[in-house]
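Data block below; observations after.
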Protein chains: 2
Amino acid sequence: MAQKVKLSTIAETLGVSTATVSLALRDSPLVALSTRDRIKEQARALGYIYNRRAASLRTSRSGIIGVVVHDIMNPFYGEILKAIESELDRDRQTFILSNHYDSVEKQRNFVETLLQLGGDGVIMSPAIGTPPEDILLAEDNGMPAILIARSIEGLDVPIFRGDDSYGISLATNHLIGLGHRVIAMVGGTDQTSTGRDRYQGYVNALRKANIEVDPALRIPGPRSKQGGFEAAVNFLSLPQKPTAAVCWNDLVAIGLMNGIARAGLIPGRDVSVTGYDDLEEASIATPSLTTVWNGQSEVGRSAARALLDKLSGSHEPDGIHLIKPEMRIRQSTGPLRHSGHDNGN
Amino acid sequence: MAQKVKLSTIAETLGVSTATVSLALRDSPLVALSTRDRIKEQARALGYIYNRRAASLRTSRSGIIGVVVHDIMNPFYGEILKAIESELDRDRQTFILSNHYDSVEKQRNFVETLLQLGGDGVIMSPAIGTPPEDILLAEDNGMPAILIARSIEGLDVPIFRGDDSYGISLATNHLIGLGHRVIAMVGGTDQTSTGRDRYQGYVNALRKANIEVDPALRIPGPRSKQGGFEAAVNFLSLPQKPTAAVCWNDLVAIGLMNGIARAGLIPGRDVSVTGYDDLEEASIATPSLTTVWNGQSEVGRSAARALLDKLSGSHEPDGIHLIKPEMRIRQSTGPLRHSGHDNGN
DNA sequence: AGTACAATTTAAATCGTTTATTTAAACTAT
DNA sequence: ATAGTTTAAATAAACGATTTAAATTGTACT
């Protein structure tokens, strides 16, 4: 590798000062247009590469934004990330992505690393059990945080997420409207705000329809396709013989449908299943999945926008921003058939 | 935010020099153990945060490694990324992830950004049409590159990938062994090395079994679940009435099976379908998918390892590293039934 | 007491930018 | 011409760490 080209290399070969070069490359009107052109041309010719760490050392803006979620391979987060990416790209910000897999420690390491790199801000879907201090660590060191998808108690940081309680009640009401009375809830956990909200929404909808809430109809845990698949056994052997399932998300729903199909029943006919999120996949599943659109792209876009606005000082975001979910009715739900799924028993 | 704590803050409050503090925090034997302890304690007490950009300005090692692939939401890359992540984590390297969506320009921007940030190295699955110069840009500026999954002609950079030609011939042979003679190939593109290799493997296997290769049986294009789903229509209306499909990857296969099911046929019985990659999802699909394990975790792990070794100077990797794929037989393939999929016509 | 040696600590240069302040040159207006 | 403006470029001081040569201190031995 040839000697590294830096501002001073350009300056020397052109017989000007580094200050002039620095200003010229950033198109400052302080340097004459003709000089600017000469300098830019030379920079290109020499293959100059801007050294951001040197610059940010001086300016204390790195152009780096961190994003940490449970699992970037999970399509739910994937859709959010895609929206964040396109919003940040537009502002020419570099973003550093990480999974925390719900490990508070991994998450803290990430925030720490980001601080070391001089990150300008961070967007996070906090790990289960995140103590407020871990978020404050960022804020206190001048790196504003925005939360997505999950809240943290006792913390005043802007958050963007879907209205889970309302959303799940949409799904539940849809099933009730189809005549179902024994409706299970499959997946999720009480350890996240999202989990509690969704269960609450399910309970509320049942109550409002005067259906007794049977805690045994809840199968907590699954959050993945694999989990939903495995939960099918459990679901099919519930003594109350549910005719429908409100699932934690689309992945669980698809997994559950696969499990149900594997047992010889036809999802959408013998058992109605709703998902949550409306992933791309929902519409091509077999049967296509009735689900609730959870505004992933909206969450990602507006969280990123909020952070950028805060950084540029143009607007200070705060409080909770709830995106209104919407029902998407497809083939995985249908009217109650009186045989139920136990083959006429 | 309180005044920023830096080395000199610690030095002053303790009455030592910044040199001592710097050395102490990195556990240099040059500084007395007692002093080291005092300094570390103070650093903790003051909430000191190491400034990596300042340090790397001096040391020219940033601890940043870039990874760019087609689409991180694609589970195939997801599994590779997971392996890379865990390997880099072990070495406490930060990794910056990006999609290029097969845009050469987006990919070049990423490399450029990485250079600006002082990235130590980059792992890439190059975008379609990547000119060798774009890789050399990295190498020439002291940032070694390692390729994964896809090759680039005329470039001497280490690469790790599955043996596509061999792998796809495994799948093809499996179908031939089951009695199938009219076997379509669904998905993929000639624009990547992978695409050409896989088609070649399919052709070779057919030839070796003395089956005539009919170009019309190739449905190029699809690489996603959605794509496979849509290709079903096309597949089912081929005049040669194929009884089996070798798919580009698991996603296409699953999509295709969904499409086939939607048309009233039963995949695994009426039409045999093979996937490629052996994603987690393959085993829970309905029917479970016969596929070829493509060594994603192995590719990711060894590519990361190779880069780290190169950076540490302990070993210089080079050449092509082919991972041997393995057959995974499940329920989506079965013996040829003489009715074919056209309902006895 | 003087010397040698090891164990600690420090001063100062350096990494590649940015930016406030100066200087120099070129115009303007009297 | 001269003082006053504008415009253009240069100087030099940061930013926050690392690193090496040099200085300081302490110990041991003759």
Side-chain angles (χ1 to χ4, degrees), chain A residues 1-40 42-43 46-64 113 115-120 141-142, chain B residues 1-40 42-43 46-64 113 115-120 141-142:
Chain A
M1 167 186 44
Q3 201 57 32
K4 203 151 233 163
V5 178
K6 39 188 168 174
L7 281 194
S8 65
T9 317
I10 302 179
E12 280 160 21
T13 60
L14 245 39
V16 296
S17 75
T18 63
T20 306
V21 177
S22 171
L23 292 169
L25 290 179
R26 280 170 303 140
D27 251 323
S28 161
L30 289 179
V31 17
L33 199 61
S34 61
T35 324
R36 257 187 271 174
D37 288 343
R38 252 180 347 130
I39 290 177
K40 286 195 212 157
Q42 181 75 336
L46 295 178
Y48 168 70
I49 287 180
Y50 180 65
N51 186 328
R52 281 219 236 175
R53 7 210 239 302
S56 76
L57 188 53
R58 186 63 223 265
T59 60
S60 52
R61 271 297 286 274
S62 63
I64 292 178
T113 299
L115 284 169
Q116 296 184 352
L117 292 174
D120 293 337
N141 285 285
Chain B
M1 169 186 44
Q3 201 57 33
K4 202 151 234 162
V5 178
K6 38 188 169 174
L7 279 196
S8 64
T9 317
I10 302 179
E12 280 160 23
T13 60
L14 245 40
V16 296
S17 73
T18 61
T20 308
V21 177
S22 171
L23 292 168
L25 290 179
R26 281 170 304 140
D27 251 323
S28 160
L30 287 180
V31 37
L33 200 61
S34 62
T35 323
R36 258 186 272 174
D37 288 343
R38 252 182 346 130
I39 290 177
K40 287 196 213 158
Q42 180 75 336
L46 295 178
Y48 169 69
I49 286 180
Y50 179 66
N51 186 329
R52 283 219 236 176
R53 9 209 237 302
S56 76
L57 189 53
R58 183 68 220 263
T59 61
S60 52
R61 271 298 285 275
S62 64
I64 293 178
T113 299
L115 284 169
Q116 296 185 352
L117 291 174
D120 293 336
N141 285 286

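All chains are named by letter (A, B, ...) in the order of the sequence lines, taking the proteins before the strands, and each is independently numbered beginning at 1.
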Between C/dT10 atom P and B/Ile39 atom CD1, what is the distance in whole Å? 9 Å
In whole Å, I'd like the distance from the CZ atom of A/Arg52 to the P atom of D/dG16. 19 Å
Do A/Ser22 and A/Arg26 pair up side chain to side chain, a donor and an acceptor below 3.5 Å, judged on atom types alone? yes
OP1, OP2 of C/dT9 versus side-chain N and O of B/Thr20: anything below 4.0 Å? no
From the set C/dT17, D/dA8, D/dG16, return the single nucleotide nearest to any side-chain atom of A/Ala32. D/dA8
State, to 0.1 Å, how close A/Tyr50 and A/Tyr48 come at their nearest heavy-atom pair, and which atoms those are. CA-OH, 3.6 Å
Provide, to the nearest angstrom, the distance between the CG atom belonging to A/Asn51 and the P atom belonging to C/dT17. 5 Å
Measure across B/Gly63 and B/Asp120 and return the closest heavy-atom pair with its distance rounded to 0.1 Å. N-OD2, 2.7 Å
Measure the distance from CZ on A/Arg58 to P on D/dA13 and round it to the nearest whole Å. 12 Å
Within the structure shown, what part of the strands sits under 4.0 Å from A/Ile49 by heavy-atom distance: base, sugar-phosphate, or nothing? sugar-phosphate
Nearest-Å distance, CZ (B/Arg53) to P (C/dT14)? 23 Å
Whichever of B/Val31 and A/Ser56 has its nearest DNA chain C nucleotide further upstream toward 5': B/Val31
Nucleotide nearest B/Thr35 (side chain, heavy atoms from C-beta), chosen from C/dT9, D/dA13, D/dA17: C/dT9
At less than 4.0 Å, is any side-chain N or O atom of B/Tyr48 found next to OP1 or OP2 of D/dG16? Yes or no. no
Length of the line joining A/Arg36:CZ and D/dA8:C1', which is rounded to integer Å: 11 Å
Over all heavy atoms of both residues, which pair between A/Ser62 and A/Gly119 is shortest? Give the atoms and the distance, please. OG-CA, 3.7 Å
Is any side-chain heavy atom of B/Thr18 less than 4.5 Å from a side-chain heavy atom of B/Lys6? no
Taking the side chain as every heavy atom from C-beta outward, state whether B/Val21 and B/Gln42 have any atom pair closer than 4.5 Å. no
side-chain contact (heavy atoms from CB on, under 4.5 Å) assessment of A/Leu14 paired with A/Thr20: CA-CA 11 Å; A/Leu14 245 39; A/Thr20 306; over 6 Å; no
A/Leu46 to A/Val5 - nearest heavy-atom pair and separation: O-CG2, 3.4 Å
Quick check: do B/Leu25 and B/Leu7 have side-chain heavy atoms less than 4.5 Å from each other? yes
Gap between atoms CG and C1', on A/Leu33 and D/dT7 respectively (whole Å): 14 Å
Rounding to a whole Å, what distance do you find between A/Leu57:CG and D/dA17:P? 9 Å
Please list residues of residues 11-19 of chain B whose heavy atoms come under 4.0 Å from any atom in DNA chain D, ordered by number; otherwise none. B/Ala19
Between C/dT18 and A/Thr59, is there an OP1 or OP2 to side-chain N/O distance shorter than 4.0 Å? no
Near DNA chain C, which residues from residues 21-30 of chain B have a heavy atom under 4.0 Å away? B/Leu30
Close side-chain approach of A/Arg38 and A/Val16, heavy atoms under 4.5 Å: yes
